[in-house]
Novice: 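Have a look at this one.
What you see is a predicted model; the values in this text were computed from it and never measured. Remember, it's 1-based here, ligands and their atoms both numbered in the order they're listed.
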Amino acid sequence: MRPQVIAVAGKGGTGKTTLAALVIECLRDPGPVLAVDADPNCNLGEALGLKVERTIGQLRDEVLERIADLPPGVPKDQLLELGLHQCLVEDRGVDLLSMGHGEGPRCYCMVNHVLRRAIETLQGNYRYVVLDNEAGMEHLSRRTTQDVDVLLVVAEPTPVSLRAARRIKDIAESLGIRVGKKFLVLNRVRGELPPGLAVEEAALPLLGIIPYDPQVEELAARGRPLSGLPPDSPARRAVQGLLGKLGIGKEG
Ligand SMILES: Nc1ncnc2c1ncn2[C@@H]1O[C@H](COP(=O)(O)OP(=O)(O)OP(=O)(O)O)[C@@H](O)[C@H]1O
Ligand SMILES: [Mg+2]
């Protein structure tokens, strides 16, 4: 089974992690969802209320440290595959994988090759894969992930943020990632969109808006997961609506 891959990108602080976590909350029942935190700051776990013990970055370093001491014949791919499963945090309808820090100065070719294959195989166990990216999309550029079906670029309703969204879309295109569809999502919208806001500056079709929702901010301030949002909260309802427009989450 090939999962539907939804990636969230955007400038720092626009609400990527919030959107990714709300998408996951909408899809985890029945799921299963593989949540991938591709931001080295790793806060998708917090937004989902899941505790990350080990990241892929740590695993990669540990395996490289040990490779020199391993007797010949110990299969390194098995070591990595086992480690990969130890990086997964499992919960109802969702498993979380945190990519962690990027690569240091060593040669990671072999480790990356094995990991990429193992992650691809792992993804086959899920119906949805939801990726929370860092602003620069390093992780996507390193291609530890397969193709993306839907790329959601998050922006705030300001000209500066819309131009940043356009740059992110351009980066995505220059990386040569195969993306099925790309959309703009405007987040933290208070009331109506500002009159005269040139949404076309983002050069992306607008999928929809997520209103400013004080309960989202309050949960974040208290370090609580977004599962604490009531089902009828404006942000959760908006994200459900976005998925509805995409026809995601209604299959079968
Ligand atoms: N619709 C919303 N209503 C109210 N607050 C929001 C909304 N969306 C996001 N926030 C708040 O804005 C802040 C930034 O959101 P978030 O962490 O999701 O952004 P980000 O793009 O992932 O940031 P970073 O670039 O640091 O990873 C958080 O405190 C979050 O609670
Ligand atoms: Mg984030």
Novice: State the CG-CD1 distance between Asp132 and Ile24, to the nearest 0.5 angstrom.
Specialist: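 Between Asp132 CG and Ile24 CD1, I get 7.5 Å after rounding to 0.5 Å.
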Novice: Considering only heavy atoms, which of Lys16, Glu46, Lys11 lies nearest to atom 20 (P) of ligand 1?
Specialist: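 Checking each option, the heavy atom nearest atom 20 (P) of ligand 1 is found in Lys16.
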Novice: Measure the distance from atom 27 (O) of ligand 1 to every protein heavy atom, then report the residue, atom name and distance (to 0.1 Å) of the closest one.
Specialist: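 Of the protein heavy atoms, Asp39 OD2, 3.4 Å lies nearest.
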Novice: For atom 19 (O) of ligand 1, what is the closest protein heavy atom, and at what distance to 0.1 Å?
Specialist: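 That would be Gly15 N, 3.1 Å.
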Novice: Provide, to 0.1 Å, the distance between atom 6 (C) of ligand 1 and the closest protein heavy atom, together with that atom's residue and name.
Specialist: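 Minimum-distance protein heavy atom for atom 6 (C) of ligand 1 reads Val216 CG1, 3.6 Å.
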Novice: Spell out, as yes or no, whether a donor-acceptor pair under 3.5 Å connects the side chain of Lys182 to the backbone of Leu204.
Specialist: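 No; judged by distance alone, with no hydrogens or angles, the pair does not exist.
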Novice: So, is Pro214 polar-close to ligand 1, with some N/O to N/O distance under 3.5 Å?
Specialist: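 No, there is no polar N/O contact under 3.5 Å.
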Novice: Considering heavy atoms of the protein only, find what lies nearest to atom 31 (O) of ligand 1 and give residue, atom and distance to 0.1 Å.
Specialist: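 Result: Ala220 CB, 3.2 Å.
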Novice: For atom 4 (C) of ligand 1, what's the nearest protein heavy atom and its distance?
Specialist: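 Ranking protein heavy atoms by distance from atom 4 (C) of ligand 1, first comes Asp213 O, 3.2 Å.
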Novice: Under 2.8 Å from the Mg ion (ligand 2), is there any N, O or S atom belonging to Thr17?
Specialist: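 Yes - counting backbone and side chain alike, Thr17 has an N, O or S atom under 2.8 Å.
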Novice: Short list, please: which atoms of ligand 1 are under 4.0 Å from a heavy atom of Gly12?
Specialist: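 Once the distances to Gly12 are compared, the set is 25 (O).
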Novice: Given the rule that I, L, V, M, F, W and Y join up when any side-chain heavy atoms are under 4.5 Å apart, are Val23 and Ile248 in one cluster?
Specialist: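 Yes, Val23 connects to Ile248 through the hydrophobic network.
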Novice: Could you measure the distance from the CG atom of Leu80 to the CD atom of Gln78? Nearest 0.5 Å is fine.
Specialist: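 Nearest 0.5 Å value for the CG-CD distance: 10.5 Å.
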Novice: Are there over 12 heavy-atom neighbours, none belonging to Arg66, within less than 6.0 Å of that residue's CZ?
Specialist: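 Open.
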Novice: Check Arg237 with Asp213, please: is the shortest side-chain N to carboxylate O separation under 4.0 Å?
Specialist: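 Arg237 and Asp213: not salt-bridged.
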Novice: Do me a favour and list the nearest non-hydrogen protein atom to atom 8 (N) of ligand 1 with residue, atom name and distance?
Specialist: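 Here the closest protein heavy atom is Asn187 ND2, 2.9 Å.
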Novice: Can you report which non-hydrogen protein atom sits closest to atom 17 (O) of ligand 1, along with the distance?
Specialist: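 Its nearest protein heavy-atom neighbour is Thr17 CB, 4.2 Å.
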Novice: Nearest protein heavy-atom contact for atom 18 (O) of ligand 1: which residue, which atom, what distance?
Specialist: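 Residue, atom and distance for the closest contact: Thr18 OG1, 2.6 Å.
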Novice: Only heavy atoms of Tyr212, strictly under 4.0 Å: list the atoms of ligand 1 that pass.
Specialist: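 Every atom of ligand 1 under 4.0 Å from some heavy atom of Tyr212: 3 (N), 4 (C).
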Novice: Can you find a non-hydrogen atom of Pro211 under 4.0 Å from ligand 1?
Specialist: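 Contact check Pro211 vs ligand 1: positive.
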Novice: For atom 24 (P) of ligand 1, which candidate among Ala235, Ala21, Gly13 provides the closest heavy atom?
Specialist: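 That would be Gly13.
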Novice: Working to the nearest 0.5 Å, report the span between CG of Leu229 and CD of Glu25.
Specialist: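 Interatomic distance, Leu229 CG to Glu25 CD, rounded to 0.5 Å: 8.5 Å.
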Novice: Using heavy-atom distances, let me know which of Arg188, Glu134, Glu217 sits nearest atom 11 (C) of ligand 1.
Specialist: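 It is Arg188 whose heavy atom sits nearest to atom 11 (C) of ligand 1.
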Novice: Any sub-3.5 Å donor-acceptor pair from Arg224's side-chain atoms to Glu218's backbone N or O?
Specialist: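 Pair absent, no side-chain N/O of Arg224 close to backbone of Glu218.
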Novice: Got a salt bridge between Glu120 and Arg116, using NZ or NE/NH1/NH2 to carboxylate O under 4.0 Å?
Specialist: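 Here Glu120 does not pair with Arg116 in a salt bridge, since their nearest N and O are not under 4.0 Å apart.
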Novice: One thing to verify: whether Lys16 and Asp39 come together as a salt bridge, which I'm taking to mean a side-chain N less than 4.0 angstrom from a carboxylate O.
Specialist: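 No, this pair does not count.
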